[in-house]
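Just so we're on the same page: letters track the sequence lines, and every chain starts at 1. Worth saying up front: this structure is predicted, and the values here are computed from it rather than measured.
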There are 2 protein chains.
Amino acid sequence: MIDPHGPVPVYQQVADILAARIASGELAPHRPIPSESAIVQEFGVARGTARRTVAALRERGLVYTVPQRGTYVGQPES
Amino acid sequence: MIDPHGPVPVYQQVADILAARIASGELAPHRPIPSESAIVQEFGVARGTARRTVAALRERGLVYTVPQRGTYVGQPES
DNA sequence: TGGGATTTGTACGTATGTATA
DNA sequence: CTATACATACGTACAAATCCC
């Protein structure tokens, strides 16, 4: 699932997987993506890596984060 | 110098200090800012915090980073 | 009113990899 | 070959805000 020793950073690999779920509609607009803790558990990565993953998705404009609430698919709009 | 318990995050405090040095000309365009290790030593912060400091300056458009080389004042242009 | 669980934010420490000088 | 410097990744801890009972 995740290749820790490949050329692609782990956080990018996880971001790609979540991005695919967003693209497929599995994760719908204004619905929360997995929490950092959930990402840690599902992919077996450290929390710092999970945070970088979410940051990467944010930089791609795929999600937005509400402090102390969660991160959601789409734009802050609404 | 740095207040670890204040409301302003340490990485922002350090970024503010370096931003002031840039504004004053102490750190001139296309000259390197202190390395992560130097920031760690000068301000007594952790490596991760030093990285966040540089990231903050980059987000402000004050510096640009050349991988494996260093971070410099101004824009990548040159 | 209170308390617990959840979630993100910050911070520290450490280790390894890769590229450059 | 060595030193420097950034990139990634792990682990840990506590704080702050929110949510729900």
*Return the value, rounded to whole Å, for the distance between atom CG of Leu57(B) and atom P of dC6(D).*
12 Å
Please enumerate all protein N or O atoms sitting under 3.5 Å from an N or O of nucleotides 11-17 of chain D, with distances to 0.1 Å.
residue: dA13(D); atom: N6; partner: Arg47(A); partner atom: NH1; Å: 3.4

*For Arg52(A) and dT8(D), is the shortest distance between a side-chain N/O and OP1 or OP2 below 4.0 Å?*
yes
_So Thr65(A), base contact, sugar-phosphate only, or nothing? Heavy-atom distance under 4.0 Å._
sugar-phosphate
*asked:* Which nucleotide wins on minimum distance to the side chain of Thr49(A), given the candidates dC6(D), dT10(C), dC10(D)?
replied: dC10(D)
*Quick one: list whatever passes ring-ring contact (aromatic ring centres under 6.0 Å, His included) with Tyr72(B), sequence neighbours left out.*
Tyr64(B)
_For atom CD1 of Ile39(B) and atom C1' of dA5(D), their distance in whole Å_ = 12 Å
*So does Asp16(B) pair up with Arg60(B), basic N to acidic O under 4.0 Å?*
yes
*Which residues within residues 10-18 of chain B lie with some heavy atom under 4.0 Å of an atom in DNA chain C?*
Val10(B), Tyr11(B)
*In whole angstroms, how far is the P atom of dT6(C) from the CD atom of Glu36(A)?*
15 Å
*Given atom CZ of Arg69(A) and atom P of dG9(C), what is their separation to the nearest angstrom?*
13 Å
*asked:* Is there a path of hydrophobic side-chain contacts, each under 4.5 Å between heavy atoms of I/L/V/M/F/W/Y residues, joining Leu62(B) to Val14(B)?
replied: yes
*Name the nucleic acid region contacted by Ser37(A), choosing base, sugar-phosphate or nothing; use a 4.0 angstrom heavy-atom cut-off, strictly under.*
nothing
*When you check the phosphate oxygens OP1 and OP2 of dA7(D), does a side-chain N or O of Arg51(B) lie under 4.0 Å from one of them?*
yes
